[in-house]
Structure formats: structure tokens, C-alpha cells
Amino acid sequence: MEQLNTTETNTAKEIKKKSIYSLQLNELRNWLSENGEKPFRAEQIFEWLYKKRITSFEDMSNVGKALRDKLANHFDLTTLKTAIQQTSSDGTIKFLFELHDGYSIETVLMRHDYGNSVCVTTQVGCRIGCTFCASTLGGLKRHLEAGEIVAQVVKVQQTLDETDERVNSVVIMGIGEPFDNYDNMLSFLKIINHEKALNIGARHITVSTSGIVPKIYQFADENTQINFAISLHAPNTELRSRLMPINKAYKLDDLMDAVRYYIDKTGRRISFEYGLFGGVNDSVEHAEELAVLLKGLKCHVNLIPVNYVPERDYVRTPRDKIFAFEKTLKNLGINVTIRREQGSDIAAACGQLRAKERKEETR
């Protein structure tokens, strides 16, 4: 299998106007200068976008009408339409947002003791092909621009504004492979982290990848404080190739070399996501093999009891086997936790709501 091509795919329809949420502050300053406007207006515009969270350029009362019109002619402000909003009994809220071209994406608000976390999507669909994931059904339609990712957080924050709450953390673990849309993902990170924008601390942001090895080296060299996670799901290369076809392009040994580079370069701990699939990768022997693979690494394992996906054949690991797997890792010196299940009553597994409601997109 030849290596994964991470170049931009063609959009289903060309975006007529760029989302204003795609602009970093310095980019907005430059745009204002190039269009005959005062660069300091960028801070005012950012305040309206991210602090007051307006829904129309006309709401920018301290910005002149000529500039408001110029912004409206060049940029889109409202890029997401809420098609479905579901609330779980545990407080989790799942949004199905419709994009300008009719495609749809999912965003999830999760409530924790330590605050509100938003899981965002980076692509319409996914081409990675993990055999347990609903997100890959129908393949990749297109990448999201940075502003379409930012707008997901803004839309959720607007919902939280109704109860005087705020988004405390962000995880990039929704539909799509973030490192397959690297430049837009990185711009998104810089925007939501900026103090003049949403001001979400780097250590409250987590990005996850299925293992695009060259991009792991590149991300390590960015030298950010953002948390980093790897979707691992298997302790050996044969099993991982069955579960995750990307392992045929980027072998497990090469992935682990990139992980070691990341840890050495940044000094930061890395997280491994390990979904437990009944009878597939959840035995004590698998746990022992995983411990050998991760020995000596500055890391943490997040065990994920999988949500059942009707389009897939995997079943949930029984509770006693989940605890046995966890205990084995702990006894072998691996830092491990079991992810708390959230939103199981609203199809919270990644891609499930879109697969259910937009079958034409996921065939």
C-alpha cells in the first residue's frame, strides 16, 4: 500500500466566501491593511466574534458601516446551521450541523466535573478506514476550513451562554483524521488558543491522530503545549492492520519511533487511546503485550469501552474483562484509566448520528 496522500481533496462545492473564523488575528490585521482599513480594527472585530459572539456583522456597533459591509461581502459569519440537537440523560449534547454545501458534521458537548469539553470534527467523512468507526462510512467528502472547525466551538459556546457556562476544553476527536487536514487544524488551534479569541489554554486542548507518521514529527517540531493522543487500539502490528488499515502505510514500529521523537522533543506525556472490542483485542495477553510495547514511555493509556455501531460487527467487552485488562496494565507499571461512558442514549459514538440521519452521505 502506498503512503497516504495528505493533500487537500476537492470540495463538493467551492466555498463562495471564506469564513471569517478562519482568520488568525495577524491575518485579519493584514487583510484590513490590504483593504484600506486600520489594522487596530482587528481587535475590535475579534471581540465581537469571540467575546460577544454576534451572529451578524451588523451587530458590530463600534465598527463603521462601510467596514461592516466590506466584511459581509468578503466573509461568511454564520457557516453552520443546527440540523439536530440531542441531549443525553447525562447532560451530553450532540449537534448535527449542516454546512453551506449541504454536507453535515457532528460536534459533541461533554460535561465533566472539571468543566465542559467540546469534541470537534475536522473533515466531512474520513478516508482512514478504521473498521470499527462510523465516521469512515462513505469515505471522505472534503476537508473543513479552519473557520468551520472554529465555528463548532463558537456555536456550542453560544448554547452555553444561555446558562452562563463556558467551554473549558476542546478535543479534536470527532469525524475525520486531524492530521489529514493539518494546516487547517493547526490554524484552528492557534485561533481558539489566542487570548483575544476563545482563550482556551493549550493544556486544555487535545489533538488525536490515527498515526500519520510524518505529521507526528511535524507536530512535535511545532513545540506547542497542546495535549497529544494516538489512536492505538492494538498491541501488535498484525492486529492493528486488521483494525486500522493506516497501519499498512505507517507500520507500528515506525509509529512508535515517531512517538519517541515527540516525547524526546517536547518532554510531554502522550496518551494512547485503546478501544476494547469484545473477543478481538481485550484479553489479558493483549494487555501484557501492550505493556511491553509501551514500557519506558512517558505515556498514559485511555481504555475505551466501545459504543455499538450497527454498521460494524464489534461488540462491547464485558465489564469484568475491562477491569482485568486495566488491572494487568497497572500491575505492569502502565498509567491507565477507563474512559467514562457518555451519551450512549443519543448515538454518541463518533459518526453515528450522521450515519443515521444522513444516509446519502455515508453510503
Would you call Asp101 and Arg142 a salt bridge, using N to O less than 4.0 angstrom? yes
Hey, are the side chains of Tyr217 and Asp257 touching, using non-hydrogen atoms and a 4.5 Å cut-off? yes
Please check if atom NZ in Lys196 has more than 12 non-hydrogen atoms from other residues, nucleotides or ligands closer than 6.0 Å. no
Heavy-atom check, side chain of Ile172 versus side chain of Phe188, under 4.5 Å: yes
Do Phe179 and Pro214 make a side-chain contact, defined as non-hydrogen atoms from C-beta onward lying under 4.5 Å apart? no
What I'd like to find out is whether the side chain of Leu198 reaches to under 4.5 Å of the side chain of Val167, using heavy atoms alone. no
Can you tell if the side chain of Phe97 reaches within under 4.5 Å of the side chain of Ile105, non-hydrogen atoms only? yes
On the 0 to 90° scale, with breaks at 30° and 60°, tag the Trp31-His74 ring pair as parallel, tilted or perpendicular. perpendicular
Does Tyr114 offer a backbone N or O that forms a donor-acceptor pair with the side chain of Asn168 under 3.5 Å? no
Before we go on, tell me: are the rings of Tyr21 and Tyr50 under 6.0 Å apart, centre to centre? yes
Same hydrophobic cluster for Val284 and Phe277, using side-chain heavy-atom links shorter than 4.5 Å among ILVMFWY? no
Salt-bridge present (Lys190, Glu27; N to O < 4.0 Å): no
Indicate whether any N or O donor in one side chain lies under 3.5 Å from an N or O acceptor in the other, for Thr328 and Glu288. no
Between Asp161 and Gln157, is there a side-chain donor-acceptor contact under 3.5 Å, judged purely by atom types and distance? yes
Stepwise, does the side chain to side chain contact (heavy atoms under 4.5 Å, CB included) test hold for Ile128 with Thr136? CA-CA 7 Å; Ile128 299 302; Thr136 197; 5.6 Å; no
Side-chain contact test, heavy atoms from C-beta onward, threshold under 4.5 Å: evaluate it for Glu177 versus Thr209 and give yes or no. yes
Using the ring of Tyr182 (Phe, Tyr or Trp, six-membered ring only), decide whether Lys215 places NZ or CZ under 6.0 Å from its centre and within 45 degrees of its axis. yes
Side chains of Ser56 and Glu58: any donor to acceptor distance under 3.5 Å? no
Using a 6.0 Å cut-off, check whether atom NZ of Lys51 has over 12 heavy atoms from anything other than its own residue. yes
Could you tell me whether Arg111 and Asp90 have a side-chain N and a carboxylate O separated by less than 4.0 Å? no
Check the orientation of Phe46 and His194. Use parallel for under 30°, tilted for 30 to 60°, and perpendicular for over 60°. perpendicular
